[in-house]
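Everything numeric here is computed off the predicted structure, so don't read it as measured data. Heavy atoms only: backbone and side chains are in, while hydrogens, waters and symmetry mates are out. Numbered from 1 within each chain, the chains take letters A, B, ... in sequence-line order.
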Protein chains: 2
Amino acid sequence: MPDGTQKKPSRIQKRNRRKILDAALDVFSQNGYRGATLDQIAAEAGLSKPNILYYFQGKEDIHVTLLSQLMETWLDPLVELDPDGDPQTEILDYVQRKLDMARDLPRESRLFAGEILQGAPRMAPNLETALKPLFDEKCAVISSWIDAGKIAPLDPQHLIFSIWAATQHYADFAAQVSVLVGADTDSHHRASVHLSTMFGKMLRP
Amino acid sequence: MPDGTQKKPSRIQKRNRRKILDAALDVFSQNGYRGATLDQIAAEAGLSKPNILYYFQGKEDIHVTLLSQLMETWLDPLVELDPDGDPQTEILDYVQRKLDMARDLPRESRLFAGEILQGAPRMAPNLETALKPLFDEKCAVISSWIDAGKIAPLDPQHLIFSIWAATQHYADFAAQVSVLVGADTDSHHRASVHLSTMFGKMLRP
DNA sequence: TCGTGGATTTACCAAATGGTAAAAATTCAT
DNA sequence: ATGAATTTTTACCATTTGGTAAATCCACGA
């Protein structure tokens with residue numbers, strides 16, 4: 001029994017759990033939690049459904065595992081916001097990292113968005129324990145930069161919301177963006193320039 | 001048979017169709033298309049499931065009806081962006097209208113977001129025919145304002161994306177926002193001030 | 001008031017779906 | 001090689017879910 005609080009996972013266990021989680025990321029991010037089926041995940045992973053249930057306790061277990069693994073990756077750019085760096089550079093670099101993530105990890109962005117959109121039924125605890133402390137900490141950093149006159153006086157909380165919204169939009173609303181920008185050769189670059197300009201002007205004291 | 005291309009709907013038909021659509025908006029926006037069940041919608045509407053299917057051809061019919069009705073409301077603020085008004089005022093008013101909509105119509109915002117998030121499977125045609133022409137038209141308006149030196153030179157397409165993202169964030173990610181801002185007495189007002197400041201600075205030539 | 005057409009309920013169904021038991025196959029240390 | 005442990009498959013099951021047929025109810029105009 002690979003589930004539960006057991007010892008070291010075998011090589012084959014690691015491989016299959018990874019295959020399942022990758023397939024599940026595809027399926028969950030495309031169809032949402034309830035829209036995804038174990039059969040789809042199984043087919044995508046190249047395994048049988050009972051075989052999947054040999055590695056995970058159930059559908060919800062897969063989803064929760066995916067979400068908690070994701071949280072780490074997701075918060076990483078914010079963790080790297082350095083209180084001792086140059087405020088403007090730090091924030092603009094943060095915007096850039098988030099935009100890159102929207103391009104490179106769109107499935108993860110959509111999985112996260114879908115979960116929040118439905119009221120975070122399986123992630124609320126994680127938000128409180130992992131996200132909120134980090135959020136508060138970085139808001140304090142931004143406040144100190146404002147107090148020191150290094151950047152314009154903006155509401156730190158809502159500034160961060162604006163950064164999240166503007167960057168994740170390109171992953172979460174990709175279907176809409178692609179219809180509206182048409183066959184753009186380098187949409188990512190234009191978005192990058194726009195966000196730099198926008199937040200750059202905004203931050204100047 | 002009330003469905004199909006029939007004559008004038010009776011008063012009772014209007015009432016029940018409205019009840020169903022309102023219930024469906026609740027259920028679809030909370031659980032997504034596949035997560036929503038006809039039984040839930042029926043219960044919420046206070047009708048039996050077969051009775052619902054007397055008024056609509058099926059689950060998808062309800063969803064599509066909801067989406068196409070929504071499109072009108074959704075585009076309205078953008079329609080009102082006046083090419084002959086003061087550019088700064090026009091755009092800031094647009095931001096305000098969108099933010100008000102996120103507060104007043106969160107269900108609609110989430111329904112829309114969920115549909116786009118999953119690749120707009122039931123709305124792609126609508127996006128092409130209804131949204132894209134309006135989007136292109138208003139991008140041209142913004143371009144003309146930039147050419148006239150009335151506002152800062154920003155990419156019109158991405159400026160609109162930023163406005164959509166920043167405002168809709170408060171409806172679509174409400175679960176996250178409420179965890180992070182805690183018991184704020186007037187979160188909407190703070191968001192409003194922030195967005196005015198932000199886009200105000202950004203637009204100044 | 002009575003009949004007719006629209007509205008509603010009752011009783012279903014077939015397919016999909018999450019999940020399980022147990023047999024079969026495979027891996028692996030000895 | 002061989003027996004034990006792990007992994008995978010086969011054959012199911014109970015529930016949920018979108019949908020239907022037909023009987024029943026009810027509003028309303030003549």
B:Leu81 backbone acceptor or donor facing B:Lys138 side chain under 3.5 Å: yes
N/O (side chain, A:Tyr54) to phosphate O (OP1/OP2, D:dT8) under 4.0 Å: no
Check: A:Gln157/B:Arg190 side-chain N/O donor and acceptor closer than 3.5 Å: yes
Residues A:Lys132 and A:Asp136 bridged, charged N to O under 4.0 Å: yes
Side-chain donor or acceptor of A:Glu90 paired with backbone N/O of A:Asp82 under 3.5 Å: yes
B:Asn51 side chain near C:dA7 phosphate (N/O to OP1/OP2, under 4.0 Å): no
Rounded distance in Å - NZ (B:Lys14) to C1' (C:dA7): 18 Å
Distance in angstrom units between A:Arg15 CZ and D:dT6 C1', rounded: 13 Å
For DNA chain C, the residues among residues 20-49 of chain A that have a non-hydrogen atom under 4.0 Å from it: A:Ala36, A:Thr37, A:Leu38, A:Lys49
D:dT6 phosphate, OP1 or OP2, under 4.0 Å from A:Gln13 side-chain N/O: no
Lys/Arg-Asp/Glu bridge criterion (N-O < 4.0 Å) met for B:Lys19, B:Asp22: no
Whole-Å distance separating the CG atom of A:Asn16 from the P atom of C:dT26: 15 Å
Listed nucleotide nearest any side-chain atom of A:Tyr55, set D:dT7, D:dG19, C:dA11: D:dT7
Length of the line joining B:His63:NE2 and D:dG18:P, which is rounded to integer Å: 13 Å
Gap between atoms CG and P, on A:Leu53 and D:dT7 respectively (whole Å): 15 Å
Interatomic distance, B:Arg17 CZ vs C:dA7 P [rounded to whole Å]: 12 Å
d(CD1, B:Ile52; C1', C:dA7) in whole Å: 14 Å
Closest to side chain of B:Lys59, choosing from D:dG19, C:dT20, C:dT8: D:dG19
Under 3.5 Å: donor-acceptor pair, side chain of B:Arg110, backbone of B:Gln30: no
Plane angle bin for B:Trp164 and A:His169 - parallel if under 30°, tilted between 30 and 60°, otherwise perpendicular: tilted
